[in-house]
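Notes to accompany the following structure.
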Amino acid sequence: MLKIFNTLSSRKEEFVPITDREVRMYACGVTVYDHSHLGHARGAVVFDVVRKYLQRKGYVVKYARNFTDVDDKIIKRASESGATWKEIAEKYTDEYIKDMERLGVDRPDIEPKATEHIRAIVELVERLVARGLAYESGGDVFFSVRKFQGYGKLSKKTIDDMLSGARVDVNELKADPLDFVLWKASKPGEPAWDSPWGKGRPGWHIECSAMSMMHLGETFDIHAGGMDLQFPHHENEIAQAEGATGKPFVRYWMHNGFVNVNREKMSKSLGNFFTIKEILDSYDPEVIRFFLLSTHYRNPIDFSDQSLQDGRSALDRFYTMTEALNNAIGKNYKPGPYTGEEISPAADALIKSAEGFLRKFDEAMDDDFNTASAIGSVFETVRDINRVISDTELLKNDPHIKDALAHARDALSAASKVLNLFGRDPEDWFGRSRAKIRIKADGERLAGIRDGLRALGVEPASDNTLPSAAIDGFIADRNAARSSKDWKKADEIRNLLSGMGIELLDSPEGTKWQIKE
RNA sequence: GGCGACGUAGCCAAGUGGUAAGGCAGAGGUCUGCAAAACCUUUAUUCAGCGGUUCGAAUCCGCUCGUCGCCUCCA
């Protein structure tokens, strides 16, 4: 039974969708005025996993995530840079899509943009005006917060709290300081659309109410976003939607925690943010995804190089196992049909472990998408598999062990589809499928490496790269040295490659190499 | 000031009433020309502190301390 922590009730609730086998969900995306940072990535990755897990549970998921492509910050950015607001929005929309793709986030089914839904937005504002919940003032249209029963039910605030909270927006056009804007009159040069109240543009919260209801219906299942969107953004969305329809807007509200830096929220205003692009310069995208999923989505997660490096080591462990497993039973080996014969204890234990793993994985995910716990179970299975493949006698003599290993691999693969982690070919993870190796060194060390390579008969390119194929030659040289017990030369070659970040691994099957970042 | 979250080993992190998952790092061992990996053993008698409820609490209740977030655009 899937349980979801619902912000509305502040507790875990059993998930029951409105329509039997269908789930309609909406996540607040980004305002496209700048590069996206790790914090933005967290929400996208987390809700991507939510979507994939719902699919594993057999639901047909209709998933929408918006782009806010008209907004004060975009306009400001445009006036600073000389580009048009549209160019700014398009540039960062494209960039976000690319970033997310690299992080293994699938495109949502619907990616609505505010500017493409002006008509729906205007209609929603009109409905609110007609119902007496909104009023026009000087070309702006405001929502009358006090007229909406239940304002504050999501963020657990009362009207009094909000007033005593301190800073109230001073705007003489508002009838009440608590009111918020639905439609803004445009100043000359700003983006503008026709409306019953004159030329204007949408306010900050109305687009999400309008677009989600248009694509998913007036009541839908899940609405997600960052913790900081709870108030005022989502509170206002509820007021707008329920004010207009008189129906419940959303069944389950989900909010993800922040990415912190030194225990403080990563944010533009603090200037302590790392863009996805720059982190991808130093880390494999899967490392970032692993890092973001290694903590429960509602807890804060502290960003540091150390955490990322730990994640990389953990993934190394996983893919080392995968490679050994592939060597042991073959990459494409599938278990045969069960013929009814008695199975050896070792094989039986491994099959039970694989089944136990899937059960634990689903239990963890059923418990409000506990990816951290789910990943823990993955590594328990990794150890069980390693235990078996390190026992060469067992591998050789047990007729059932290959099938058992294949079962375990299948179980992991089911989990891998949900997390979109652990699913790559080890060749790719270890960097062997790259065409070129970059020598990460400079100064004297670089010169030393170049000399060493030249001595072995390979001239590095001027951009300090060399073709991956050259490594095989070095390995052959070293193995020739090893067979004549020329340990000194063998070690020289190992050290030379190690100096440029390439590690050689000897095994009975031969020597492999991998890049250690 | 109001509302809320969190505090588990050297680090990261699960665990919401039944006696502390997992990852990283460390130590010893097996294997190995060296190295790496893997495996075995080991690393929290204890879950910020103090009280309380209970046969039993990291888990429930109260208080204290500490950290953070929202209340203003923010994932």
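A note on names: the letters A, B, ... follow the listed sequences, proteins ahead of strands, and every chain is numbered from 1.
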Closest approach to the side chain of [X], judged atom by atom: which nucleotide of [options] is it?
X	options	value
A:S373	B:rA14, B:rA75, B:rG23	B:rA14
A:R478	B:rC24, B:rG33, B:rA36	B:rG33
A:R317	B:rA14, B:rG15, B:rC39	B:rC39
A:H296	B:rG22, B:rA38, B:rA14	B:rA14
A:S313	B:rA25, B:rA75, B:rC71	B:rA25
A:A490	B:rG33, B:rC70, B:rC68	B:rG33

Looking for any heavy atom pair under 4.0 Å, which part of the strands does [X] touch: base, sugar-phosphate only, or nothing?
X	answer
A:A372	base
A:G39	base
A:L504	base
A:G226	sugar-phosphate
A:V259	base
A:M266	base
A:N386	sugar-phosphate
A:L505	base
A:Q230	nothing
A:G311	nothing
A:R387	sugar-phosphate
A:K268	nothing
A:D316	nothing
A:N299	sugar-phosphate

Subject >> Given RNA chain B, 5'-ward residue of the pair A:Q306 and A:K12, judged by closest heavy atom >> reply: A:K12
**OP:** Would you mind telling me which residue lines up with the more 5' stretch of RNA chain B, A:D384 or A:D491, judged by nearest nucleotide?
**Re:** A:D491
Paired nucleotide for [N] [Watson-Crick or G-U wobble; both distances under 3.5 Å]:
N	value
B:rC73	none
B:rA44	none
B:rC6	B:rG66
B:rG51	B:rC61
B:rG22	B:rC12
B:rU30	B:rA38

Taking [X] for the side chain and [Y] for the main chain, is one N or O donor matched with an acceptor at less than 3.5 Å?
X	Y	answer
A:R42	A:N256	no
A:T381	A:S377	yes
A:D179	A:V145	yes
A:R494	A:R478	no
A:D109	A:Y63	yes

Original post:
Is A:R482 salt-bridged to A:D506, cutoff N-O under 4.0 Å?
Top reply: yes
Original post:
Counting only heavy atoms not in A:Q149, do more than 12 fall under 6.0 Å of its CD?
Top reply: no
Original post:
So among A:K91, A:R77, A:K277, which one has a salt bridge (Lys or Arg N to Asp or Glu O under 4.0 Å) with A:D34?
Top reply: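 With A:D34 as partner, salt bridge (Lys or Arg N to Asp or Glu O under 4.0 Å) holds for just one option, A:R77.
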**OP:** Could you check whether A:F379 and the base of B:rG22 form a stacked pair, meaning centres closer than 5.5 Å and planes differing by less than 30°?
**Re:** no
Mind checking the [atom1] distance from [N] to [M]? Whole angstroms is fine.
N	M	atom1	result
B:rC12	B:rC47	C1'	16 Å
B:rA21	B:rU16	C1'	16 Å
B:rU59	B:rG52	P	14 Å
B:rU46	B:rU8	C1'	9 Å
B:rU45	B:rA36	P	31 Å
B:rC73	B:rG15	P	33 Å
B:rC24	B:rC39	P	10 Å
B:rA14	B:rG29	P	35 Å

Between [atom2] on [N] and [atom1] on [X], what's the gap in Å once rounded to a whole number?
X	N	atom1	atom2	value
A:H40	B:rA75	NE2	P	4 Å
A:Q309	B:rA25	CD	P	10 Å
A:D34	B:rC73	CG	P	18 Å

**OP:** Look at A:R383 and B:rG22 and indicate whether a side-chain polar atom (N or O) is within less than 4.0 Å of OP1 or OP2.
**Re:**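 For B:rG22, OP1 or OP2 has a side-chain N or O of A:R383 closer than 4.0 Å.
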